[in-house]
Amino acid sequence: MNKKTIYSLIAILIVFGIYGYEFFLNQEETLEIVETGKEVKNNTNEYFLPVSTTNQIIHHEGYSLSYSELHEQAEWVAYELKKEHLSNSHFERPYFEIDKAVKTGAAHWRNYKNSGYDRGHLCPAGDRRYSQKAHDETFLTSNISPQEHQFNSGIWNKLEQKVRYWASKYDGVFVITGGVLKGDMETIGDDEVYVPNQFYKVLIDNNSGKTKMIAFLMPHKKSDAPLYEFVVSVDAIEALTGIDFFPQLDDALETQLEASSSYKGWSF
DNA sequence: CTGTGTTAC
DNA sequence: GTAACACAG
């Protein structure tokens with residue numbers, strides 16, 4: 001064996017050693033989240049992860065998600081929007097990238113090209129403007145869902161802005177959002193990305209006194225109706241999606257809060 | 001804010 | 001693939 005061959009072998013060993021170590025770390029991290037359902041991260045106070053029905057939770061710095069390989073998108077994306085996250089910084093929109101953390105392979109953005117649908121953010125770029133990294137991290141294809149432009153830039157955008165308003169007013173909120181991946185759906189692109197017929201958003205305010213929740217269910221179409229007309233109970237979203245939200249809460253409190261479809265306490 | 005499409009290298 | 005620019009709700 002000459003020197004060049006030996007160096008090559010060493011390089012290969014190092015690369016695979018690092019890869020294997022990171023894989024090991026990721027396994028541990030995933031297990032911990034699945035078991036506890038709640039993780040305390042150094043950049044958030046409370047992390048209310050729902051249960052993953054697809055058994056694939058991905059954890060990014062700015063948000064977490066549960067990926068559905070069948071539908072080629074997240075069944076939910078969850079993140080805390082702190083008051084101090086709100087910022088007026090402007091970053092240029094980067095290109096969407098495939099989320100390499102999705103082991104089964106996330107969709108390519110080409111599926112959306114010329115599909116007639118927007119690449120609709122689930123964790124909005126506007127909610128992660130506190131750093132370039134957090135902002136750019138939202139441009140992963142695991143964080144988007146096909147949305148009609150009139151819906152995305154209209155009523156859905158209005159709801160996202162209301163969430164930022166509440167984050168400011170109530171000293172932060174925790175947000176869980178996604179498309180309802182049930183029933184007959186159209187698909188787009190070679191990867192067959194499903195087009196949800198409804199989108200939901202579930203919020204919890206655990207910071208400004210008495211814990212409160214609110215949930216929205218919106219048909220995937222343009223609307224000029226006021227936001228409060230889309231309020232439903234968390235139970236209704238659970239029944240529709242099969243996702244269990246807030247398993248971390250005390251059972252009695254969870255039952256009480258999730259049954260309510262009242263938006264008392266949330267100012268519009 | 002939320003996005004798309006076209007053109008050129 | 002990336003970058004610059006025009007455009008729309």
Side-chain angles (χ1 to χ4, degrees), chain A residues 62-63 65 72-74 76-100 102 105-170 172-173 175-180 186-191 193-203 216-230 267-268:
Chain A
Y63 61 95
L65 65 99
E72 289 295 359
Q73 66 198 277
W76 54 254
V77 168
Y79 61 97
E80 186 183 19
L81 180 56
K82 291 181 162 195
K83 189 174 183 175
E84 56 263 41
H85 285 156
L86 300 170
S87 150
N88 288 321
S89 324
H90 172 74
F91 302 109
E92 220 169 78
R93 293 187 136 234
Y95 287 88
F96 278 96
E97 285 181 19
I98 294 173
D99 186 348
K100 292 188 182 113
V102 175
H108 195 283
W109 58 263
R110 273 195 222 96
N111 291 289
Y112 290 73
K113 190 165 187 180
N114 295 320
S115 69
Y117 291 98
D118 280 8
R119 300 136 168 132
H121 277 87
L122 294 174
C123 175
D127 284 1
R128 303 284 86 153
R129 290 199 294 174
Y130 53 88
S131 79
Q132 172 117 44
K133 181 172 183 187
H135 172 264
D136 289 359
E137 202 183 40
T138 68
F139 286 77
L140 293 170
T141 57
S142 54
N143 184 42
I144 56 175
S145 197
Q147 291 183 332
E148 287 179 15
H149 187 66
Q150 295 263 57
F151 173 78
N152 189 20
S153 65
I155 190 79
W156 191 248
N157 186 21
K158 206 167 141 191
L159 178 55
E160 289 176 341
Q161 291 183 39
K162 189 65 74 180
V163 170
R164 287 191 270 275
Y165 164 72
W166 284 327
S168 166
K169 190 177 177 68
Y170 304 133
V173 287
V175 187
I176 302 143
T177 192
V180 177
E186 185 189 340
T187 65
I188 57 169
D190 293 338
D191 292 336
V193 180
Y194 283 62
V195 182
N197 296 310
Q198 295 160 293
F199 286 89
Y200 69 87
K201 212 176 268 289
V202 176
L203 307 178
F216 295 84
L217 181 66
M218 294 185 164
H220 185 187
K221 63 178 186 198
K222 169 189 187 303
S223 172
D224 294 320
L227 286 175
Y228 54 76
E229 284 190 11
F230 298 98
S267 68
F268 286 78

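Just so it is clear: chains get the letters A, B, ... in the order the sequence lines come, proteins before strands, and each one is counted from 1.
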Q: Send over the distance from F139(A) CZ to dT2(B) P, rounded to a whole Å.
A: 8 Å
Q: For the pair Q73(A) (side chain) and N143(A) (backbone), establish whether a donor and an acceptor sit closer than 3.5 Å, ignoring hydrogens and angles.
A: no
Q: Report the relative orientation of the aromatic rings in Y117(A) and H220(A); use parallel for angles under 30°, tilted for 30 to 60°, perpendicular for over 60°.
A: tilted
Q) Among dG1(C), dC1(B), dT4(B), which nucleotide sits nearest the side chain of R110(A)? A) dG1(C)
**Q.** Atom-pair distance (NE2 on H135(A); C1' on dT2(B)), nearest Å
**A.** 12 Å
Q | Proximal nucleotide (of dG1(C), dC1(B), dT4(B)) relative to the R119(A) side chain | A | dT4(B)
Q) Is any side-chain nitrogen or oxygen of N114(A) closer than 4.0 Å to OP1 or OP2 of dG5(B)? A) yes
**Q.** Name of the residue among F96(A), W156(A), F199(A) meeting ring-ring contact (aromatic ring centres under 6.0 Å, His included) with H121(A)
**A.** F96(A)
Q: Classify the nucleic acid contact of E160(A) as base, sugar-phosphate or nothing, counting any heavy atom under 4.0 Å across all strands shown.
A: sugar-phosphate
Q) Closest nucleotide of DNA chain B for G126(A) versus for K113(A): which of these residues is on the 5' side? A) G126(A)
**Q.** Distance in angstrom units between W109(A) CH2 and dT2(C) P, rounded
**A.** 9 Å
**Q.** Candidate nucleotides dG9(C), dG3(B), dC1(B), ranked by approach to the side chain of R129(A) - the nearest
**A.** dC1(B)
Q | Distance, nearest 0.5 Å, that separates CG of L227(A) from CD1 of I155(A) | A | 4.5 Å
Q) Which residue, H149(A) or E92(A), contacts DNA chain C at a nucleotide closer to its 5' end, judged by nearest heavy atom? A) E92(A)
Q) Quick one: F96(A) CZ to dT2(B) P, roughly how many Å, whole number? A) 10 Å
Q: Let me know the distance between CZ of R93(A) and P of dT2(B), rounded to the nearest Å.
A: 7 Å
Q | Residue P124(A), side-chain atoms from C-beta onward, closest of dG5(B), dC1(B), dT2(B) | A | dT2(B)
Q) A125(A) side chain: which of dT2(B), dC1(B), dG1(C) is closest? A) dT2(B)
Q: Send over the distance from I144(A) CD1 to dG3(B) P, rounded to a whole Å.
A: 9 Å
**Q.** Proximal nucleotide (of dT2(C), dT4(B), dG9(C)) relative to the Y95(A) side chain
**A.** dT2(C)
(Q) Measure CG/N143(A) against C1'/dT2(B) and give the value in whole Å, please. (A) 14 Å
Q. Side-chain donor-acceptor pair under 3.5 Å between Q132(A) and D136(A), yes or no?
A. yes
Q.
Any side-chain N or O of N152(A) below 4.0 angstrom from OP1/OP2 of dG3(B)?
A. yes
